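What follows is one structure encoded as structure tokens, with my remarks underneath.
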Amino acid sequence: DCDVLQADGGTRIASIVGGFFALVDCISYLYNEKIIKKICIKDFIGAVSVGLWNGNYILDLTFDEDSTAAVDMNVVIKGNGEIVEIQGTAEHKSFSFDDLNKFLDLANKGIKEIVDMERNLLKDILII
């Protein structure tokens, strides 16, 4: 369970990425205290929201965009590019396979940026 106390949309996404950092912190602590023998995290993980808002494909929807989007989608992808989750809803209109591919391409681009940041921020802890 995770509560995001203040956000402008994307609370589920913030929970996933924040939860990953919390897990790394916990595992790192256990390793440094010699409670576990190795850091057992196998890959990074990133998550973003994408959607169709006012006819535009949007990455990282704000609360206002999310609440009025024609399509709202959350995507979670591992650092190696494998998909963990796609959760999308046609809020106000259905969407095509072409739209889905555009959402996934946009999400993949955003998640690659997140994973690159994670790699940089956690470079002294995780060697993956």
Side-chain angles (χ1 to χ4, degrees):
D1 186 30
C2 184
D3 291 325
V4 177
L5 302 178
Q6 183 178 5
D8 184 17
T11 55
R12 181 166 191 210
I13 299 312
S15 296
I16 292 167
V17 175
F20 175 72
F21 275 94
L23 175 65
V24 170
D25 187 50
C26 178
I27 296 293
S28 177
Y29 172 82
L30 293 172
Y31 176 76
N32 290 332
E33 293 296 313
K34 303 198 183 325
I35 296 168
I36 60 174
K37 294 182 181 184
K38 67 178 186 172
I39 294 183
C40 53
I41 297 172
K42 297 180 180 180
D43 205 347
F44 294 89
I45 194 155
V48 295
S49 64
V50 292
L52 185 60
W53 182 76
N54 285 349
N56 298 303
Y57 297 91
I58 304 288
L59 173 65
D60 191 24
L61 289 91
T62 65
F63 176 79
D64 289 337
E65 291 165 344
D66 187 2
S67 61
T68 59
V71 178
D72 175 24
M73 184 176 293
N74 295 311
V75 180
V76 183
I77 300 176
K78 293 169 36 177
N80 68 5
E82 292 180 347
I83 295 169
V84 175
E85 178 181 32
I86 301 170
Q87 181 268 324
T89 305
E91 301 284 354
H92 300 286
K93 74 173 223 172
S94 58
F95 58 95
S96 68
F97 279 97
D98 185 52
D99 291 328
L100 177 62
N101 288 328
K102 288 177 183 176
F103 293 135
L104 293 177
D105 287 344
L106 189 58
N108 193 40
K109 177 184 177 290
I111 289 172
K112 283 181 179 180
E113 291 179 23
I114 289 170
V115 169
D116 285 346
M117 284 188 254
E118 290 173 348
R119 286 185 202 282
N120 185 48
L121 291 168
L122 301 170
K123 67 181 176 267
D124 296 330
I125 300 169
L126 295 179
I127 301 169
I128 300 174

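Owing to the predicted nature of the structure, the values given are computational and were not obtained by experimental measurement. Residue numbers count from 1 along this sequence.
Counting only residues at least two apart or on different chains, the ring-ring contact (aromatic ring centres under 6.0 Å, His included) pairs with a member in residues 67-99 are Phe95-Phe103. Listed by first then second residue, pairs satisfying salt bridge (charged side-chain N to carboxylate O under 4.0 Å, His left out) with a partner in residues 113-128 read Lys109-Glu113, not counting sequence neighbours. Annotation: salt bridge (charged side-chain N to carboxylate O under 4.0 Å, His left out) contacts involving residues 93-102, sequence neighbours excluded, comprise Asp98-Lys102. Applying the ring-ring contact (aromatic ring centres under 6.0 Å, His included) test to residues at least two apart or on different chains, none of the pairs has a partner in residues 108-128. Residues in residues 107-128 take part in no ring-ring contact (aromatic ring centres under 6.0 Å, His included) pair, two or more places apart or across chains.
Connection of Ile45 to Met117 is not established within any shared hydrophobic cluster, with ILVMFWY side chains joined at heavy-atom distances below 4.5 Å, either directly or through further cluster members.
Using a 4.5 Å cut-off on side-chain heavy atoms (C-beta onward), Phe44 and Leu122 make contact.
Not a single salt bridge (Lys or Arg N to Asp or Glu O under 4.0 Å) links Glu33 to another residue, sequence neighbours left out. Applying the side chain to side chain contact (heavy atoms under 4.5 Å, CB included) rule to Glu91 yields the partners Asp72, Thr89; only residues at least two apart in sequence or on another chain are considered. With sequence neighbours excluded, the residues forming a side chain to side chain contact (heavy atoms under 4.5 Å, CB included) with Asn80 are Asp43, Lys78, Glu82, listed by chain and number. Every residue two or more places apart in sequence or in another chain that forms a side chain to side chain contact (heavy atoms under 4.5 Å, CB included) with Thr68 is listed here: Trp53. Partners of Ser94 under the side chain to side chain contact (heavy atoms under 4.5 Å, CB included) rule, at least two apart in sequence or in another chain, do not exist in this structure.
Of the inter-residue distances, the one linking Ile125 atom CD1 with Ile41 atom CD1 reads 8.5 Å to the nearest 0.5 angstrom. Here Leu59 contributes atom CG and Ile111 contributes atom CD1; the two are 8.5 Å apart, rounded to the nearest 0.5 Å.
What you find for Ile13 and Asn74 is that their closest heavy atoms are CD1-OD1, 3.5 Å. Between Ala69 and Leu61, the closest heavy-atom pair is CB-CD2, 3.8 Å. Nearest approach of Thr62 to Glu65, heavy atoms of both residues: N-OE1, 2.9 Å. Taking each heavy atom of Ala47 and Val76 in turn, the nearest pair found is CB-CG2, 3.9 Å.
Remark: Ile127 CD1 is loosely packed, at most 12 non-hydrogen atoms of other residues, nucleotides or ligands lying under 6.0 Å away.
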Validation: residues 16-26 side-chain donor-acceptor distances under 3.5 Å, sequence neighbours left out:
none

Does the pair Ile27 and Ile39 meet the rule for a side-chain contact (heavy atoms from CB on, under 4.5 Å), with working shown? CA-CA 6 Å; Ile27 296 293; Ile39 294 183; 3.8 Å; yes
